[in-house]
There are 2 protein chains.
Amino acid sequence: MKRKPAKEYTTEQQLPKLGTSPYLKLMERTASSDTNLNSAHLGLIMLWLGDNILDMVDIDLAAFDITESKLDLLLLLSLHADQELVTPSSIADRLGIRRSSVTALLIWLEKKNLIVREPYAKDGRMTHVRISAEGSTLVNQILPTFWSTCASLVDELDKEEQAVFQKVLVKLNASLEKRLGSGR
Amino acid sequence: MKRKPAKEYTTEQQLPKLGTSPYLKLMERTASSDTNLNSAHLGLIMLWLGDNILDMVDIDLAAFDITESKLDLLLLLSLHADQELVTPSSIADRLGIRRSSVTALLIWLEKKNLIVREPYAKDGRMTHVRISAEGSTLVNQILPTFWSTCASLVDELDKEEQAVFQKVLVKLNASLEKRLGSGR
DNA sequence: TCAATGTAATTAGATAATCTAACTATAGGA
DNA sequence: TCCTATAGTTAGATTATCTAATTACATTGA
């Protein structure tokens, strides 16, 4: 869960909003000489934007009493519902987190009856994880809002901007996934 | 801290990588009719990209034993070092988190001698917070790497792409900050 | 002037998402 | 059959949040 600090008595005394420029000045002073300042500026804004997008989505999902990580996992299960075997290990591998972290997520989701864990007959060490009917229902309730929030992020771009933007985003994301060794 | 799961015995059995298309199919099936699918697609990739960027930066900062939130706060203090009064309240206000959360960050930073808390003479309820010499030193050690990581995020774009991208990013970020009521 | 109320900061206690290390149970090979 | 690898969980920790309660100081108005 995150943000939405509501009230808590508004402070009189406030810090002035500095905007971007002091960050850029600081950058000029402190960046190594082989760093391209324009690129760094761009990267910085992307970082900020990423933060804001995450916040946005979190706020949105909070209404459904679920977090992005958990929705992520439910979607993963949803898209692999046809697989004979989906284990906590393979989930961990895919999400780039530890098995124990997956266990924690699964416990939470199971408690809410959103997933089911079944022993795997062919190998007694393994567990098959699948999304439950209730889980699917929840996902189907969430998704329309989720997509519309996604769309709203880029609403104000015109067709042409969107086209260029899309090309660039896909490129950047692919290269980052490669660097991080992650990916869907 | 985050990622870098290192080893933990590579799993034999893996989930197939599905790529983007099943997400798009799911979107087509589940988006409300007034959601623009192209926009939603774009937004979704931005969300993923934002996640990846965060991870990237986290990994980077881990080497300095600090997190993004804490660096953020140190930078804020750095840029307001000339202010007579910087209180936990005003910091909370600016970062969009609760005062108690700021207290927690400050305790950690103070323990490491990166900041100093001084009672404010003109109003006994308030505390002035400033970055310490040690804090400044750390920031100066971190920033070159930080900027270079930022730059590396968009390295593979050519000049023209960067130009368009920059315009779009600034626009989107501004509108999101407005919607969220945040901002630097 | 002093009691009531407002504000600043902290503390207490909770939740979420992660980690490492240790443990249990099963599988499979020498 | 015993040893070791693997799957999953548990135990215990950290980070970043939150809300509610507490403490201490400030202000104000009868």
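Note that the coordinates shown come from a computational prediction; the quantities given were computed from them, not determined experimentally. Values below: every heavy atom of this structure, side chains too, minus hydrogens, waters and symmetry copies.
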Measure the distance from [atom1] on [X] to [atom2] on [N] and round it to the nearest whole Å.
X	N	atom1	atom2	result
B:R99	D:dT17	CZ	P	17 Å
B:L105	D:dC18	CG	C1'	13 Å
A:Q14	C:dT7	CD	P	14 Å
A:E118	D:dA7	CD	P	19 Å
B:I107	D:dT14	CD1	P	15 Å
B:K122	C:dA8	NZ	P	17 Å
A:L73	C:dT18	CG	P	10 Å
B:D93	C:dA9	CG	C1'	15 Å

Ignoring the backbone of [X], work out which of [options] is nearest its side chain.
X	options	result
B:T127	D:dG8, C:dA9, D:dA26	C:dA9
A:T103	D:dT17, D:dG8, C:dA9	D:dG8
A:R125	C:dT18, D:dA16, C:dA27	C:dA27
B:S69	C:dA8, D:dT10, D:dA16	D:dA16
A:P88	D:dT9, D:dA24, C:dT10	D:dT9
B:R98	C:dA9, D:dC18, C:dT20	D:dC18
A:S100	D:dT19, C:dC19, C:dT10	C:dC19

Taking only side-chain N and O atoms of [X], does any of them lie within less than 4.0 angstrom of OP1 or OP2 on [N]?
X	N	answer
B:R117	C:dT10	yes
B:T87	C:dA8	no
B:S101	D:dT17	no

Is it true that [Y] and [X] share a donor-acceptor pair across their side chains at a distance under 3.5 Å?
X	Y	value
A:S148	A:T145	no
B:R179	A:S152	yes
B:S132	B:N113	no
B:N38	A:Q162	no

- Query: Is B:E161 salt-bridged to A:K171, going by a charged N under 4.0 Å from an acidic O?
  - Reply: yes

- Task: Hey, which sits more toward the 5' end of DNA chain C by its nearest nucleotide, A:Y120 or A:K70?
- Result: A:K70

- Message: Which is more 5' along DNA chain C, the nucleotide nearest A:D123 or the one nearest B:A104? Just name the residue.
- Response: B:A104

